[in-house]
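Remember, predicted model here, so these are calculated numbers, not experimental data. To find a chain, count down the sequence lines: A is the first, B the second, and so on, and within it residues start at 1.
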There are 2 protein chains.
Amino acid sequence: MSLDALAQTFKALSEPLRLRIVHLLMQRNSLCVCDLMSILDQGQSTISRHLNYLKQAGLVHHWREGTWMHYALVPEALVPLQAGALQQCLQQLPELAADQEALAAYESTPRQCGRTASA
Amino acid sequence: MSLDALAQTFKALSEPLRLRIVHLLMQRNSLCVCDLMSILDQGQSTISRHLNYLKQAGLVHHWREGTWMHYALVPEALVPLQAGALQQCLQQLPELAADQEALAAYESTPRQCGRTASA
DNA sequence: TGTTAGTATCCGTATAAGCAGATATAAAGA
DNA sequence: TCTTTATATCTGCTTATACGGATACTAACA
């Protein structure tokens, strides 16, 4: 998981209608586009677009059954939302190792701006 | 917490640079703008704008100390990121109660689209 | 009070992404 | 094969937000 991918996960959850979709998918193994259109009372292109967005972000996967496309959550995709996991995720990102070092380096030189050595 | 506010929380976390800021704030009680400029090697307006965004979303609070503005995380703001908490948060949103009912109502009428009564 | 440092905000510009309606594609059935 | 249904994608338009540079505000200090 990269920093951008993590950001993308949050972005996927940053839209009210997508949150409602995720909420529904949490309660059923899968739902198809027409289910969501009815339940959420939204147009087909709107539902389809948001599902595609969730798919691009890796939050859902989908498969065809006859004419219907079923969508379901990818449970692992929500790992960053578990207890303390955001910090762990961030710690593990190689991109952020540099930030760690910059933070340490920055604090190793004396600064004036009222910083107290804080936790 | 409203649905829009929850979406806003995720949106605040959906930008790589803001994630890096949050990551640093997780490790220190507070940091000021000039700290973040140095550590992240970014321009002043960029840092300030992102901090303002985080503040609007309720993820950080800030206070003045002399010339310096200090920013710190609001720990409660990250509650939706705890174990199982997203689902709980969603369940508690009044806006989503209607979705619950729509889901139940929708499933109470016979449908054709290959839905098996699923968990 | 004038200067400087730290910070916030404004500006112009570019891109991402929202929506609704229209069109394209794929599978099922007559 | 023609039609219908379910879904995906395109189009035109609008809004949100990213960026960097410029400007404005605030506090400290000479």
If you assign B/Lys55 and A/Arg64 each to the DNA chain C nucleotide with the nearest heavy atom, which residue ends up on the more 5' nucleotide? B/Lys55
Select from A/Thr67 and A/Leu17 the residue whose nearest nucleotide in DNA chain C is closer to the 5' end of that strand. A/Leu17
Residue pair [X] / [Y], side-chain heavy-atom distance below 4.5 Å:
X       : Y       : answer
B/Leu19 : A/Phe10 : yes
B/Leu40 : B/Leu24 : yes
B/His70 : B/Asn29 : no

Applying the ring pair (Phe, Tyr, Trp, His ring centres under 6.0 Å) criterion to A/Tyr71, which one of A/His62, A/His50, A/His61 satisfies it? A/His62
What's the [atom1]-[atom2] distance between [X] and [N], to the nearest Å?
X       : N      : atom1 : atom2 : value
B/Met37 : C/dT7  : CE    : P     : 8 Å
B/Asp35 : C/dG6  : CG    : P     : 11 Å
B/Gln42 : C/dA8  : CD    : C1'   : 17 Å
B/Phe10 : D/dT17 : CZ    : P     : 17 Å
B/Leu40 : D/dC19 : CG    : C1'   : 16 Å
A/Glu15 : C/dA16 : CD    : C1'   : 13 Å
B/Asp4  : C/dG18 : CG    : P     : 14 Å
A/Met69 : C/dT25 : CE    : P     : 16 Å

Hey, is the side chain of B/Tyr53 poking within less than 4.0 Å of OP1 or OP2 on D/dC19, counting only N and O atoms? no
Heavy-atom donor-acceptor pair, [X] side chain to [Y] backbone, under 3.5 Å:
X       : Y       : value
A/Arg18 : A/Ala12 : yes
B/Asp35 : B/Cys32 : yes
A/Ser14 : A/Lys11 : yes

Within residues 44-52 of chain B, which residues have any heavy atom lying less than 4.0 Å from an atom of DNA chain C? B/Gln44, B/Ser45, B/Ser48
Joint cluster assignment, B/Tyr53 & B/Met69, ILVMFWY side-chain distance < 4.5 Å: no
Examine A/Val74 and A/Val22 and state if one hydrophobic cluster contains both, with Ile, Leu, Val, Met, Phe, Trp and Tyr joined whenever side-chain heavy atoms are less than 4.5 Å apart. no
End-to-end axis angle, where each axis spans five pairs of the helix from C/dT1-D/dA30 to C/dA30-D/dT1, to 10°: 10°
Reckon B/Gly66 touches a base, only the sugar-phosphate, or nothing at all at heavy-atom distances under 4.0 Å? sugar-phosphate
Just call it for B/Lys11: base, sugar-phosphate, or nothing, with non-hydrogen atoms closer than 4.0 Å on any strand. sugar-phosphate
